[in-house]
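Reading through the structure tokens given below for one structure.
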Amino acid sequence: MNMEFKRRLPTPQTIKEMYPISEEMAEKKAARDKILADIFTGKDNRFVLIIGPCSADREEPVLDYIGRLRTVQDQVKDKIIMVPRIYTNKPRTTGSGYKGMLHQPDPNSSPDMLKGLISIRKLHMKALEQTGFSCADEMLYPENHNHLDDMLSYVAVGARSVENQQHRLTASGLDIPCGMKNPTSGDLSVMMNSIRAAQHPHTFVYNGWEVQSKGNPYTHAILRGHANQHGRSTPNYHYEDLNLLYELYCNLGLENPAAIIDCNHENSGKQWQEQPRIAKEILHSMRHSENIHSLVKGLMIESYIENGCQAPDGGVYGKSITDPCLGWEKTEKLIFELAELL
């Protein structure tokens with residue numbers, strides 16, 4: 001084989017024993033899990049914001065950002081439930097570029113997966129302990145989910161992973177909301193098949209074990225737009241797109257029809273500053289259709305302390321080193337505006 005086996009990494013159980021969560025932290029997560037489950041089953045009519053940096057890069061600014069969210073959350077709690085994004089794995093279309101804290105806990109140093117596993121666990125722990133937020137992460141590597149599963153309240157399967165069988169099967173064993181993004185091609189049938197697969201029980205191999213999943217009734221759609229055959233961004237957040245998704249759900253008879261709408265990526269044409277406009281248009285569509293109102297459970301917003309993005313060695317505190325993000329001032333304003341419109 002043309003690869004070097006550098007070292008055997010600790011099992012998820014070993015990492016958890018090294019860095020355990022407290023009973024109080026576990027209770028906070030359980031309470032938030034219950035709220036989100038009620039939202040995705042329609043028992044709670046509050047709106048979800050999956051919000052935060054494109055990728056978590058450094059602990060200090062990420063925790064600073066989440067602390068700011070905490071203050072705002074307390075002011076809008078009757079309308080909005082926020083789930084901070086701590087995305088510690090970053091998929092790369094071409095395989096090059098920063099791959100997240102799991103790979104590089106220091107973006108300017110060489111990859112170190114052991115330090116990465118410890119760093120991402122400690123970051124999620126500090127967020128939960130200091131702010132009470134159990135957060136969201138992307139399931140880039142299904143086998144790594146157990147390193148963080150005792151702290152996560154939301155998981156997203158990305159556009160490049162949604163057709164992968166192991167992602168679907170792993171999602172079927174989760175007991176928290178799991179969003180399936182439409183693929184980069186825009187083919188909604190791929191996303192819907194993924195939701196169907198994850199909502200059913202399966203027997204499969206996971207981390208060397210034969211496991212039996214029960215099916216995840218909280219698996220749902222994430223619309224993020226797509227690029228057409230000419231490479232141009234094609235959004236799928238408009239009124240007609242949301243109606244189409246509602247009809248697909250009705251035809252398939254899946255449990256708990258639900259959608260989160262990603263306001264960035266191809267939906268914004270990668271123009272981060274368009275996210276507030278897109279968010280408000282989605283709420284406008286919800287006001288004009290009971291079906292869309294029942295379907296759309298929330299939004300996904302890419303946001304950080306500073307507007308835009310920079311190179312990994314840029315050095316600007318709280319500025320994304322991957323996709324550009326909405327800065328804090330605009331983020332705070334948007335959250336309050338959404339609360340007024342809901």
Side-chain angles (χ1 to χ4, degrees), residues 9-10 15 18-19 21 25 49-73 82-92 95-141 144-145 147-148 151-156 158 264-265 270 272 275 300-332 335:
L9 295 171
I15 294 288
M18 293 168 60
Y19 301 96
I21 64 170
M25 292 162 69
L49 287 184
I50 314 296
I51 187 167
C54 171
S55 58
D57 48 15
R58 294 174 176 87
E59 181 180 284
E60 184 181 357
V62 170
L63 290 175
D64 180 352
Y65 173 87
I66 295 174
R68 299 182 191 198
L69 281 184
R70 177 74 267 170
T71 300
V72 178
Q73 171 68 97
M82 287 188 275
V83 185
R85 288 167 53 111
I86 301 183
Y87 277 30
T88 56
N89 313 282
K90 179 66 180 174
R92 309 304 305 198
S96 63
Y98 179 63
K99 296 183 176 69
M101 285 187 74
L102 174 61
H103 288 260
Q104 290 174 269
D106 179 349
N108 296 315
S109 296
S110 299
D112 189 323
M113 300 291 280
L114 177 57
K115 285 184 179 180
L117 284 171
I118 293 170
S119 294
I120 66 175
R121 182 160 179 84
K122 290 172 70 175
L123 177 54
H124 275 280
M125 285 181 68
K126 288 181 180 180
L128 181 57
E129 184 176 27
Q130 294 175 15
T131 69
F133 278 129
S134 48
C135 298
D137 207 337
E138 180 171 353
M139 189 196 294
L140 184 58
Y141 307 113
N144 288 338
H145 177 75
H147 288 95
L148 299 172
M151 293 182 285
L152 296 178
S153 282
Y154 187 92
V155 170
N264 212 13
H265 295 99
K270 301 184 179 179
W272 58 268
Q275 293 183 93
M300 190 170 281
I301 305 285
E302 289 198 319
S303 155
Y304 209 0
I305 295 172
E306 299 294 336
N307 289 323
C309 64
Q310 63 182 334
D313 58 355
V316 178
Y317 179 85
K319 192 169 187 176
S320 175
I321 61 173
T322 48
D323 290 349
C325 294
L326 201 66
W328 176 252
E329 184 178 332
K330 289 181 172 61
T331 297
E332 185 178 40
I335 295 169

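This chain uses plain numbering: 1 for the first residue, then up along the sequence.
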Handout entry: Donor-acceptor under 3.5 Å (Gln275 side chain, Trp272 main chain)
Key = yes
Exercise for the section: Look only at the side chain of Glu138 and the backbone of Ala156, and say whether a donor-acceptor pair between them is shorter than 3.5 Å. Expected result: no
Problem - ring-ring contact (aromatic ring centres under 6.0 Å, His included) between His103 and Tyr141, worked out - result: CA-CA 12 Å; His103 288 260; Tyr141 307 113; 5.8 Å; yes
Practice task
Please indicate whether Gln310 has more than 12 foreign heavy atoms, meaning atoms of other residues, nucleotides or ligands, lying under 6.0 Å from its CD.
Solution key: yes
Problem - Test side-chain contact (heavy atoms from CB on, under 4.5 Å) applied to Leu69 and Ile335, step by step - result: CA-CA 10 Å; Leu69 281 184; Ile335 295 169; 4.0 Å; yes
Problem - Arg70 side chain to Thr131 backbone, donor-acceptor under 3.5 Å - result: yes
Handout entry: Derivation and outcome, side-chain contact (heavy atoms from CB on, under 4.5 Å), residues Met151 and Arg121
Key = CA-CA 9 Å; Met151 293 182 285; Arg121 182 160 179 84; 3.3 Å; yes
Practice task
State the NZ-CD distance between Lys126 and Glu59, to the nearest 0.5 angstrom.
Solution key: 3.5 Å
Practice task
Return the minimal non-hydrogen interatomic distance between Leu326 and Asn307, and the atom names on each side.
Solution key: C-OD1, 3.7 Å
Exercise for the section: Please name all residues satisfying side chain to side chain contact (heavy atoms under 4.5 Å, CB included) with Cys309, sequence neighbours left out, ordered by chain then number. Expected result: Ser320, Pro324
Handout entry: Donor-acceptor pair, side chain of Arg85 and main chain of Ile50, under 3.5 angstrom
Key = no
Problem - Full working for side-chain contact (heavy atoms from CB on, under 4.5 Å) between Met113 and Leu117 - result: CA-CA 6 Å; Met113 300 291 280; Leu117 284 171; 5.5 Å; no
Problem - Distance-only polar pair, side chains of Asn108 and Tyr98, donor-acceptor under 3.5 Å - result: no
Exercise for the section: Kindly determine whether Tyr65 and Trp328 satisfy ring-ring contact (aromatic ring centres under 6.0 Å, His included), including the steps that lead there. Expected result: CA-CA 8 Å; Tyr65 173 87; Trp328 176 252; 5.7 Å; yes
